[in-house]
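Input: a single structure, listed below in structure tokens.
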Amino acid sequence: METNDFKRILEALITDTSINVWHIALLSAIITIGLRQGTKQAIKVSRSKLMAISHIKTLPTYHKYFKELQAMGYVTYRPSYHPKSKSEIDIKAI
């Protein structure tokens, strides 16, 4: 991701009144993992890593806000149903 991508995402978060701290925590976790992987798209994630980095402790909270991020169009999620393969997330550069 480029600096301009982050800037657009942050600007969208500032103006979007439906975003709360849990959404921001999850997006921050996704961006952190993406930066560690050095990728712009197809960030490979696991639920446990996202929950740990975002400090979300319960599954219902994680699922609720992750689904809302998808519904709001901030992320695209491609699940992996294979236990050894991670799921992929694309962040929309608004």
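All values below come from the heavy atoms of this structure, side chains included, with hydrogens, waters and symmetry mates left out. Remember, it's a predicted structure, so these values are computed and weren't measured experimentally.
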Self-check item: Stepwise side chain to side chain contact (heavy atoms under 4.5 Å, CB included) test for Ile53 and Arg36
Solution: CA-CA 12 Å; Ile53 294 171; Arg36 287 179 182 170; 3.8 Å; yes
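- With contacts defined as side-chain heavy-atom distances shorter than 4.5 Å, the pair Thr61/Met51 does not qualify.
- Counting heavy atoms from C-beta outward, Lys49 and Ile33 have side chains that approach closer than 4.5 Å.
- No donor-acceptor distance shorter than 3.5 angstrom exists from the side chain of Ser54 to the backbone of Ala29, with no hydrogens or angles considered.
- With sequence neighbours excluded, the residues that form a side chain to side chain contact (heavy atoms under 4.5 Å, CB included) with Asp16 are Ser18, Ile19, Met72, Tyr74.
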Practice problem: Let me see the working for Ile31 and Ile43 under side chain to side chain contact (heavy atoms under 4.5 Å, CB included), right down to the final yes or no. | Solution: CA-CA 9 Å; Ile31 290 169; Ile43 301 166; over 6 Å; no
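- Side-chain contact between Ile30 and Leu50 is present, with at least one heavy-atom pair separated by less than 4.5 Å.
- Rounding to the nearest 0.5 Å gives a distance of 10.5 Å between NE2 of His63 and CD1 of Ile56.
- For the residue pair Ser80 and Ser85, the shortest heavy atom distance occurs at OG-O, 3.0 Å.
- In this structure, the side chain to side chain contact (heavy atoms under 4.5 Å, CB included) partners of Ser28, at least two apart in sequence or on a different chain, are Ile24.
- Applying the side chain to side chain contact (heavy atoms under 4.5 Å, CB included) rule to Ser48 yields the partners Ser46; only residues at least two apart in sequence or on another chain are considered.
- Within the 3.5 Å criterion, the main-chain N or O of Asn20 finds a donor-acceptor partner in the side chain of His23.
- Residue Leu26 holds its CG atom at 11.5 Å from NE2 of His55, rounded to the nearest 0.5 Å.
- Listed by first then second residue, pairs satisfying salt bridge (charged side-chain N to carboxylate O under 4.0 Å, His left out) with a partner in residues 61-84 read Arg78-Glu88, Arg78-Asp90, not counting sequence neighbours.
- The minimum heavy-atom distance between Ser87 and Pro79, with the atom names listed, is OG-CA, 3.5 Å.
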Self-check item: side-chain hydrogen bond (donor to acceptor under 3.5 Å, both in side chains) between Thr76 and Lys92, intermediate numbers included
Solution: CA-CA 7 Å; Thr76 302; Lys92 302 285 182 161; 3.2 Å; yes
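- Hydrophobic clustering of Ile, Leu, Val, Met, Phe, Trp and Tyr side chains at less than 4.5 Å, counting indirect connections, unites Leu59 with Val21.
- Taken from CD1 in Ile91 to CZ in Arg8, the straight-line distance is 12.5 Å, to the nearest 0.5 Å.
- Shown here are the ring-ring contact (aromatic ring centres under 6.0 Å, His included) partners of Phe66, two or more places apart in sequence or in another chain: Tyr62, Tyr77.
- Partners of Thr15 according to the side chain to side chain contact (heavy atoms under 4.5 Å, CB included) rule, which considers only residues two or more places apart in sequence or in another chain, do not exist here.
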